[in-house]
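What follows is a set of notes on a single structure, which appears directly below.
Because the structure is predicted, anything quoted here is derived from the model rather than measured.
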Amino acid sequence: MFFTEDDYSVNISDIDSIKNCYFGAYLVSTNGTTGARMITATSPIVNGVTYVDIPISDISAGSYYVYPLLSDTTNTSTLSIPSGIIYYPLDSISRSDLLIKSLNSSYKCDFLC
């Protein structure tokens with residue numbers, strides 16, 4: 001059933017259990033051993049933020065997987081994956097394959113990853 005009026009639409013910001021979460025991504029090399037990092041947006045999804053920029057200037061060129069996720073806490077450091085943060089995988093969204101050829105930019109990951 002589809003409603004055309006906004007009053008009848010369910011947005012992600014209407015879901016209390018996740019509306020204050022931060023969209024994020026987990027990046028890891030295809031061999032699973034290098035480049036692992038987890039980073040989130042700086043604003044929660046209730047503010048309309050459905051993407052995160054992943055800095056890639058400090059990792060090696062190569063093939064990577066990017067997994068989208070939600071987090072209960074913002075994490076903008078790519079140097080470590082802090083403990084005590086709850087991460088929610090987005091199972092209905094597939095991972096993205098990423099081939100890094102140049103290391104002087106960032107990768108933008110959004111809900112369409």
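No chain of hydrophobic side-chain contacts below 4.5 Å, direct or via other Ile, Leu, Val, Met, Phe, Trp or Tyr residues, connects L99 to I54.
The side-chain heavy atoms of N75 and Y87, taken from C-beta on, include a pair separated by under 4.5 Å.
Going from atom OH of Y22 over to atom CG of N47 covers 8.5 Å, rounded to the nearest 0.5 Å. Here CZ of F23 is found 11.5 Å from OG of S71. Values are rounded to the nearest 0.5 Å. To the nearest 0.5 Å, atom CD1 of residue I45 and atom OG1 of residue T50 are 9.0 Å apart. Summarising the geometry, atom CG belonging to L70 is positioned 11.5 Å from atom CG belonging to N20; distances are rounded to the nearest 0.5 Å. In this structure, OH on Y67 lies 4.5 Å from CZ on R95, to the nearest 0.5 angstrom.
Residues that satisfy the side-chain hydrogen bond (donor to acceptor under 3.5 Å, both in side chains) test with T74, not counting sequence neighbours, are T40. Residues passing the side chain to side chain contact (heavy atoms under 4.5 Å, CB included) test with T42, sequence neighbours excluded: T76.
Closest of all the heavy-atom pairs between Y88 and C21 is CE1-SG, 3.7 Å. Across all their heavy atoms, S94 and P68 have their closest contact at O-CD, 4.1 Å.
Among V66, L69, I39, the single residue meeting the side-chain contact (heavy atoms from CB on, under 4.5 Å) criterion with V52 is I39. Among T30, L98, L27, the one residue that satisfies the side-chain contact (heavy atoms from CB on, under 4.5 Å) test with Y65 is T30.
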